[in-house]
Amino acid sequence: MLNNQIINWYCENKRDLPWRNTKDPYLIWISEIMLQQTRVVTAIDYYYKFTKRFPTVTDLALADEQEVLNLWQGLGYYSRARNLHHAAKTIHTIYKGIFPSTYKEILALKGVGTYTAAAISSFAFNLPYAAIDGNVYRVLARLFGIETPIDSTEGKKLFQNLATETMGNARPEVYNQAIIEFGALQCTPKSPSCSICPVHSNCFAYSSNMIDQLPVKSKQIKPKNRYFYYLFLSCSGRFAIEKREGKDIWKNMYQYPLIESNAELSTDQLLQSDQWKEIFDSSNLVLQSISDNIVHKLTHQNINTRFIHIDVSAEEIKKFKRFIFVNKKESEKYPFPKLINNHILNCDI
DNA sequence: AAATCGTGGTG
DNA sequence: TCACCAAGATT
């Protein structure tokens, strides 16, 4: 039986991960959200830090979003943290702090989709739902030679049925962990260890030499260029920050005052832009320096960034009412994207 | 249903 | 170097 072979492989090869030593649905939930599109080694430190500060769902529900985002700083995909916080409040108020124990209720939580709902349902409650993540898509596509794109509507249906069939009557909490771990360690995206694979004799891709062509993905991404001019307004050890609002990237995170443009700006163009005039009005200021271009590469956009260093007098600070002036120590309470946090850590102030 | 949301590792 | 992509979800 295929499922038994994978489970046997798992018993001999599994890693000792912190969230595998618990049945607490809250802790399993935290780990699953952190692991979305994120490597295990990256998530581990965040998991310890986060669950130490928020040991229970009530602790999380009663926290400020700013602190939640602060603990998520550097991990990326910050909507995960905002949704996690939102869902914690739901559990606290609607479910009186008791984590829901049915697939349907878990799936309804903000930030929990079909994969995460199946993972929590099976790991914490032993419910028979096949958890299908990127690892499972890859393993099944190769074993059965499925060329339907995994990111198509048709593919998701097909793999859902295939995964449920393959799980069979195996213990869901063991089988799901097993096939995910098998994909992560054995049936890897690049150069998988086929020669020592326990199921290679039953693998379509292996026998037909199609390992590096499966799974198939259809969608491609084309990054777009943006131009950020961050104003580092400093005055005796303090600098200006503001909260990012709106639906854009880094929502509710903090940053330096920003002038954004859809094209590169010369220094003169920047100084004469409406945004510059709006911020500085009639202020006297000293433009100290402009950094080299730093390209912050994201999946869907390249953010071309320059940091404009400006000295501001104590008198002029009062004019910038929309900004918060903090020193380095105080800034540690605020959540910043990597781009900004790196500058704070390196800036000489 | 396609676009969007971060960051870091890898070959 | 750079394309790929990692325990996906939302709109």
Side-chain angles (χ1 to χ4, degrees), chain A residues 10 14-15 17-20 28-47 69 72-84 86-87 106-123 129-139 149-156 159 163 173 175-185 187-192 212-213 215-224 226 244 246-253 255 295-303 335-342:
Chain A
Y10 175 67
K14 66 177 173 182
R15 291 167 289 185
L17 302 175
W19 44 84
R20 286 196 176 142
I28 291 169
W29 173 48
I30 301 297
S31 74
E32 288 302 332
I33 301 297
M34 285 187 171
L35 287 166
Q36 288 171 5
Q37 300 292 283
T38 304
R39 284 184 162 71
V40 165
V41 286
T42 305
I44 288 178
D45 289 342
Y46 282 88
Y47 174 82
L69 284 171
W72 211 269
Q73 175 174 293
L75 198 53
Y77 283 150
Y78 299 101
S79 65
R80 293 184 294 174
R82 298 192 301 268
N83 290 336
L84 196 67
H86 183 280
I106 294 169
L107 180 61
L109 297 172
K110 264 279 192 300
V112 175
T114 53
Y115 161 74
T116 305
I120 299 172
S121 297
S122 59
F123 301 159
Y129 294 87
I132 308 163
D133 72 335
N135 293 303
V136 178
Y137 277 117
R138 184 171 58 255
V139 171
I150 62 175
D151 52 355
S152 65
T153 305
E154 184 192 355
K156 285 172 188 167
F159 279 92
E173 74 279 19
Y175 171 77
N176 280 336
Q177 287 278 0
I179 189 168
I180 290 169
E181 188 81 333
F182 181 78
L185 299 183
C187 192
T188 52
K190 291 175 184 174
S191 54
D212 52 0
Q213 298 166 50
V216 175
K217 289 188 183 176
S218 58
K219 295 168 189 169
Q220 64 248 5
I221 43 176
K222 39 195 172 183
K224 294 185 175 176
R226 300 174 74 174
R244 275 185 77 90
K247 292 188 173 179
D248 200 3
I249 190 174
W250 299 326
K251 179 184 176 181
N252 293 2
M253 305 285 281
Q255 63 180 4
V295 185
H296 191 71
K297 295 196 169 203
L298 299 98
T299 307
H300 288 80
Q301 48 187 302
N302 297 327
I303 302 183
F336 298 103
K338 267 286 177 183
L339 178 61
I340 297 296
N341 200 45
N342 285 344

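The chains referred to below are lettered A, B, ... by the order of the sequence lines, with proteins before strands, and numbering in each begins at 1.
B/dC5 atom C1' lies 13 Å from atom CG of A/Leu75, rounded to whole Å. When the P atom of B/dA1 is taken as reference, atom CD of A/Glu154 falls 12 Å away, rounded to whole Å. Between the NZ atom of A/Lys247 and the C1' atom of B/dA3 there is a distance of 13 Å, rounded to whole Å. Atom CG in A/Asn302 sits about 13 Å away from atom P in B/dT7, given to the nearest Å. Across the protein-nucleic acid pair, A/Asp45 atom CG and B/dG8 atom P stand 13 Å apart, rounded to whole Å. Atom OH of A/Tyr77 and atom P of B/dT4 are 12 Å apart (whole Å). For the pair A/Lys251 NZ and B/dT4 C1', the interatomic distance rounds to 13 Å; values are reported in whole Å. To the nearest angstrom, C1' of B/dG6 lies 10 Å from CD of A/Gln37.
Interatomic distance, A/Thr114 OG1 to A/Ile106 CD1, rounded to the nearest 0.5 Å: 13.0 Å.
Between A/Gln73 and B/dT7 there is no side-chain polar atom (N or O) within less than 4.0 angstrom of OP1 or OP2. An OP1 or OP2 oxygen of B/dG6 is reached within less than 4.0 angstrom by no side-chain nitrogen or oxygen of A/His296. For A/Thr299 and B/dT4, the shortest distance from a side-chain N or O to OP1 or OP2 is not below 4.0 Å. In terms of phosphate contacts, A/Trp72 brings no side-chain nitrogen or oxygen within less than 4.0 Å of OP1 or OP2 of B/dT7.
Contacts of A/Ile249 with the nucleic acid, taken as non-hydrogen atoms under 4.0 Å apart, involve only primed sugar atoms and P, OP1 or OP2. A/Gly74 comes within 4.0 angstrom of the backbone, heavy atoms only, and of no base. Here A/Arg20 lies in heavy-atom contact (under 4.0 Å) with a base. Using a 4.0 Å heavy-atom cutoff across all strands shown, A/Ile28 reaches no nucleic acid atom at all. Within the 4.0 angstrom heavy-atom criterion, no nucleotide atom of any strand lies near A/Val136. A/Asp248 comes within 4.0 angstrom of sugar-phosphate atoms only, judged by non-hydrogen atoms across all strands, and of no base. Using a 4.0 Å heavy-atom criterion, one finds that A/Ile33 contacts no nucleic acid atom at all.
Where A/Thr153 and A/Arg80 each meet DNA chain B at their nearest nucleotide, the meeting point lying more 5' is that of A/Thr153. Nucleotides of DNA chain C nearest to A/Pro215 and A/Thr114 differ in position, and the one nearer the 5' end is that of A/Pro215. Looking at which nucleotide of DNA chain C each of A/Lys110 and A/Arg15 is closest to, the 5′-most match is held by A/Arg15. Each of A/Met253 and A/Lys224 lies near DNA chain B, and the nucleotide nearest A/Lys224 is the one positioned closer to the 5' end.
Under the 3.5 Å distance criterion, the side-chain polar atoms of A/Thr116 are left unmatched by any main-chain donor or acceptor of A/Gly113.
When DNA chain C is scanned in the 5' to 3' direction for atoms under 4.0 Å from non-hydrogen atoms of chain A, the outermost contacting nucleotides are C/dA6 to C/dT10.
Here, C/dA7 and B/dC5 have their P atoms 22 Å apart, quoted to the whole Å. Nucleotides C/dA9 and B/dG8 have their P atoms positioned 22 Å apart, rounded to a whole Å.
For A/Arg80, the side chain to side chain donor-acceptor pair (under 3.5 Å) criterion is met by A/Thr38, not counting sequence neighbours.
The two residues A/Tyr47 and A/Ile30 come nearest to each other via the heavy atoms CD1-CG2, 4.3 Å. The shortest non-hydrogen separation linking A/His296 to A/Leu298 is O-CD1, 3.4 Å. Residues A/Ser122 and A/Tyr129 approach most closely at CB-O, 4.2 Å, considering heavy atoms. Of all the heavy atoms in A/Leu84 and A/Trp72, the pair that sits closest is CD2-CZ3, 3.7 Å.
Other residues, nucleotides and ligands contribute at most 12 non-hydrogen atoms within 6.0 Å of the NE2 atom of A/His86.
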When you compare the protein's N or O atoms with those of nucleotides 9-11 of chain B, which come within less than 3.5 Å of each other, and at what distance?
none

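Shown are A/Trp19, A/Tyr46, A/Trp29; of these, the side-chain contact (heavy atoms from CB on, under 4.5 Å) with A/Met34 is made only by A/Tyr46. Residue A/Ile180 is tested with A/Val139, A/Ile132, A/Asp133, A/Leu35 for a side-chain contact (heavy atoms from CB on, under 4.5 Å); the sole match is A/Asp133.
Looking at A/Tyr115 and A/Gln36, their side chains never bring a donor and an acceptor atom within 3.5 Å of each other.
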